[in-house]
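Structure first, then comments.
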Amino acid sequence: MNRNQRAALRLLPWSSPEGKACFLAPGDGGGILSRFADETEDRQLAEGLDVCCSARRVLDDLMTPHAEVRYTAIRLAECLADALRVAESRGRRLPTTDAAADVTAGASVPAEAGRDADERDQGARP
């Protein structure tokens, strides 16, 4: 698949069971899968806002236990990864000039970003 074909596909807001990106062929945008992807993106962004608000409360309290701060950081990383994936997906669907397309063509959110944080940071205790 070349870069133009890949750019024409919609990046979906979820990964395959193997952790690979999922794409949807372009259409009129009114299909069931397209609407489900839109709703999923909206839920992910709303959840990110909720987690951000909760994180502020946790971080403002100097007596918050380490485990709660760590859990909050994990959730923030997950929500950030979701938001970046939504941004990438929506950015791919914007009309671009050739120069802008060249600058953003290499940008991508890794499938593992924000996921399995427990496995990645074992032993990373302050």
Side-chain angles (χ1 to χ4, degrees):
M1 174 181 316
N2 68 36
R3 189 171 79 188
N4 291 335
Q5 290 171 321
R6 189 173 172 114
L9 298 174
R10 176 180 180 173
L11 176 64
L12 295 172
W14 55 80
S15 299
S16 72
E18 297 83 25
K20 296 181 180 180
C22 294
F23 295 92
L24 178 64
D28 64 4
I32 293 170
L33 192 55
S34 182
R35 287 193 313 269
F36 181 68
D38 290 340
E39 292 167 5
T40 300
E41 288 177 351
D42 290 343
R43 276 193 310 274
Q44 288 174 328
L45 294 176
E47 181 181 2
L49 182 60
D50 289 344
V51 169
C52 187
C53 291
S54 296
R56 289 191 185 279
R57 286 190 299 271
V58 168
L59 297 175
D60 284 345
D61 182 358
L62 297 177
M63 300 306 291
T64 302
H66 170 76
E68 191 171 344
V69 172
R70 185 172 184 281
Y71 175 76
T72 299
I74 290 168
R75 292 293 295 131
L76 284 169
E78 291 170 352
C79 291
L80 176 59
D82 288 343
L84 290 172
R85 187 178 194 94
V86 169
E88 180 180 356
S89 176
R90 292 180 180 181
R92 286 171 174 254
R93 290 179 274 152
L94 292 174
T96 62
T97 63
D98 290 338
D102 289 343
V103 170
T104 61
S108 181
V109 178
E112 70 277 357
R115 305 290 181 217
D116 300 320
D118 287 332
E119 294 175 16
R120 284 197 314 273
D121 66 354
Q122 286 180 345
R125 306 274 189 250

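Along the sequence shown, the residues carry numbers beginning at 1.
- Just one of Leu45, Val51, Leu49 meets the side-chain contact (heavy atoms from CB on, under 4.5 Å) condition when paired with Glu47; it is Val51.
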Quiz item: Would Arg35 and Asp42 count as a salt bridge (Lys or Arg N to Asp or Glu O under 4.0 Å) if you check the C-alpha gap in whole Å, the side-chain angles of each, and the deciding distance to 0.1 Å?
Solution: CA-CA 11 Å; Arg35 287 193 313 269; Asp42 290 343; over 6 Å; no
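- Between Arg85 and Ser89, the side chains place no donor N or O within less than 3.5 Å of an acceptor N or O (distance only, hydrogens not considered).
- Scanning all heavy atoms of the two residues, the minimum distance from Leu11 to Glu41 falls at O-OE2, 4.4 Å.
- Two residues are said to be in side-chain contact when any heavy atoms from C-beta on lie closer than 4.5 Å; Leu12 and Phe23 fail this criterion.
- Within 6.0 Å of the CZ atom in Arg56, the count of heavy atoms belonging to other residues, nucleotides or ligands does not exceed 12.
- In this structure, Asp60 and Arg57 have side chains that are not in contact, with every pair of non-hydrogen atoms separated by 4.5 Å or more.
- How far CZ of Arg43 is from CG of Asp38: 11.0 Å, rounded to the nearest 0.5 Å.
- Gln44 contributes no side-chain N or O that, together with a main-chain N or O of Val86, makes up a donor-acceptor pair within less than 3.5 Å.
- The pair Arg92-Glu88 counts as a salt bridge, with a side-chain nitrogen and a carboxylate oxygen less than 4.0 angstrom apart.
- Thr64 contributes no side-chain N or O that, together with a main-chain N or O of Val69, makes up a donor-acceptor pair within less than 3.5 Å.
- In plain terms, the two heavy atoms of Cys22 and Ser15 that are nearest each other are SG-C, 3.7 Å.
- Between Leu76 and Cys52 the shortest heavy-atom distance is CD2-CA, 4.1 Å.
- Thr72 and Arg75 share no donor-acceptor pair across their side chains, judged by distance under 3.5 Å alone.
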